[in-house]
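Within every chain, numbering begins at 1; the chains are lettered A, B, ... in the order of the sequence lines, protein sequences first and strands thereafter.
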Protein chains: 2
Amino acid sequence: MPSRLIVSREVADLLKLLAHPDRLRMIEELRLGEKDVTGIADALTLPATRVSQHLAQLRAHRLVDERRAGRSHFYRLSQPQLAGWILDALPFVDVRNRLDEGEHIDSVRALWSAQDPNTSH
Amino acid sequence: MPSRLIVSREVADLLKLLAHPDRLRMIEELRLGEKDVTGIADALTLPATRVSQHLAQLRAHRLVDERRAGRSHFYRLSQPQLAGWILDALPFVDVRNRLDEGEHIDSVRALWSAQDPNTSH
DNA sequence: CCCATATCTGCAAAGGTTCGCAGATTTGAA
DNA sequence: TTCAAATCTGCGAACCTTTGCAGATATGGG
């Protein structure tokens, strides 16, 4: 009965995919709707090549959908609730860090979970 | 305003820590209460050394608490809700795999989210 | 004290990830 | 067609993770 083995591998793959600061910021950046590669790169102050490489990974795992319009490729979260689920991880962030940087966490939760008119959950 | 940078790094560290099939299974194994190293190793059919190494990582990030009794070291989740939060990730597992292995996911959710008060199985 | 059990730590090989850079591709405009 | 903008892909160096194994440490019993 290898169900648990298989599923734990799949969940681990998902978490590995998410476990990069740039990709997390990109996902939260897409929370409110679609954005093109340079839009994301500018918003996060990252080289567009790197953003494109990260998007390729998210695409390969079907976490984002692509829409091409002219020269731009617009991306959106295929399951927007993902962004909220990630925010729910904040309480589990190492307690030592929370003591030192609790304000950061609180302000980021406020910034990131600021309510969107679009996506329903 | 480096809050988002800092927090995205911390969340990424947490996800990286969780992003291993053995560690995920260990966390779900501890969902119902404490267990010692050989108990976990036997339950998951893993070498005890490896379980110990994984526990060292979880310990370093304060995800588990340790209680020593005689020769045994009992571990428990410091924040048991973590196990439930991980199960909430199942809907985000790659859709291609879900189509092939949806039964696995469903049965594992049933197994892992069972609320039974008895620890043994 | 000596031994077995339970667990931890250090190490090195194998394997995976990240990142910038160079070059390829696609598209729209002149 | 030729060019420039936007994006993608391939590659290699640097870096990080995983894993088994050997040896260290701690505990309880005889």
Side-chain angles (χ1 to χ4, degrees), chain A residues 5-6 8-27 29-30 33-78 94, chain B residues 5-6 8-27 29-30 34-77 94:
Chain A
L5 279 170
I6 292 170
S8 66
R9 258 196 296 275
E10 286 180 3
V11 174
D13 284 348
L14 172 67
L15 294 178
K16 211 181 301 173
L17 179 65
L18 299 176
H20 190 291
D22 293 348
R23 288 194 292 270
L24 287 176
R25 292 200 296 145
M26 288 169 59
I27 288 171
E29 195 62 35
L30 293 176
E34 66 177 16
K35 211 156 203 172
D36 69 350
V37 178
T38 36
I40 299 169
D42 290 352
L44 304 181
T45 326
L46 292 173
T49 300
R50 200 145 113 217
V51 170
S52 175
Q53 286 168 330
H54 286 311
L55 285 170
Q57 294 183 63
L58 298 177
R59 219 169 43 214
H61 287 253
R62 303 264 201 283
L63 256 51
V64 293
D65 292 330
E66 196 187 12
R67 179 180 71 86
R68 303 188 178 193
R71 285 174 273 202
S72 297
H73 298 202
F74 287 89
Y75 287 90
R76 71 180 66 191
L77 298 178
S78 16
D94 191 336
Chain B
L5 278 169
I6 293 170
S8 66
R9 259 195 295 275
E10 286 180 3
V11 175
D13 284 348
L14 172 67
L15 294 178
K16 212 181 300 171
L17 179 65
L18 299 177
H20 189 290
D22 293 347
R23 288 195 292 271
L24 288 176
R25 291 200 297 146
M26 288 169 60
I27 289 171
E29 194 62 34
L30 293 176
E34 66 177 16
K35 212 156 203 174
D36 70 350
V37 179
T38 36
I40 299 170
D42 291 352
L44 304 182
T45 327
L46 291 173
T49 301
R50 199 145 115 215
V51 170
S52 175
Q53 286 166 328
H54 286 312
L55 285 169
Q57 294 183 62
L58 298 176
R59 220 169 42 216
H61 286 253
R62 302 267 202 282
L63 255 52
V64 293
D65 291 331
E66 195 186 12
R67 179 179 72 86
R68 304 189 178 192
R71 284 174 275 201
S72 296
H73 298 204
F74 287 89
Y75 287 89
R76 71 181 67 191
L77 297 179
D94 190 336

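Residue A:Arg68 places none of its side-chain N or O atoms closer than 4.0 Å to OP1 or OP2 of C:dT25. Note on A:Arg59: a side-chain N or O is less than 4.0 Å away from OP1 or OP2 of D:dC8. Using a 4.0 Å cut-off, some side-chain N or O of A:His20 falls inside it from OP1 or OP2 of C:dC19. Proximity of A:His73 to the phosphate of D:dC8: a side-chain N or O atom is located under 4.0 Å from OP1 or OP2.
In this structure, B:Arg67 atom CZ and C:dA6 atom P are separated by 16 Å, rounded to whole Å. Across the protein-nucleic acid pair, A:Leu58 atom CG and C:dT17 atom P stand 14 Å apart, rounded to whole Å. If you take CZ of A:Arg71 and P of C:dA29, they are 7 Å apart, rounded to a whole angstrom. With rounding to whole Å, B:Leu17 atom CG is found 14 Å from D:dC16 atom C1'.
A:Tyr75 comes within 4.0 angstrom of the backbone, heavy atoms only, and of no base.
When each of D:dG10, C:dT5, D:dC21 is scored by its nearest atom to the side-chain atoms of A:Gln53, the top-ranked nucleotide is D:dG10. Checking C:dT18, C:dC8, D:dC8 against every side-chain atom of A:Gln57, the shortest atom distance belongs to C:dT18. For B:Arg23, the listed nucleotide lying nearest its side chain is D:dT18; candidates were C:dC19, C:dT27, D:dT18. Checked against C:dC8, C:dT17, D:dT27, the side chain of A:Lys16 finds its nearest nucleotide in C:dT17. Picking from C:dT9, D:dA6, D:dC11 the nucleotide with the shortest atom distance to the side chain of B:Ala56 gives C:dT9. In the set C:dC8, D:dT7, C:dC19, C:dC19 carries the atom at the smallest distance from any side-chain atom of A:His54.
Annotation: side chain of A:Thr49 is in contact with side chain of A:Gln53 (closest heavy-atom distance under 4.5 Å).
Partners of B:Asp42 according to the salt bridge (charged side-chain N to carboxylate O under 4.0 Å, His left out) rule, which considers only residues two or more places apart in sequence or in another chain, do not exist here. Residues satisfying the side chain to side chain donor-acceptor pair (under 3.5 Å) test with B:Arg62, not counting sequence neighbours, are none.
Judged by distance alone, with hydrogens and angles left aside, the side-chain atoms of B:Arg23 form no donor-acceptor pair with the main-chain N or O of B:Leu58 at under 3.5 Å. Between the side chain of A:His61 and the backbone N or O of A:Leu63, no donor-acceptor pair lies under 3.5 Å.
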field: side chain to side chain contact (heavy atoms under 4.5 Å, CB included) between A:His73 and A:Leu55, intermediate numbers included
entry: CA-CA 11 Å; A:His73 298 202; A:Leu55 285 170; over 6 Å; no
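Rounding to the nearest 0.5 angstrom, the gap separating the CG atom in A:Leu46 from the OG1 atom in A:Thr38 is 12.5 Å.
For DNA chain D, the residues of residues 40-52 of chain A within the heavy-atom distance limit of 4.0 Å (strictly under) are A:Thr49, A:Ser52, sorted by number.
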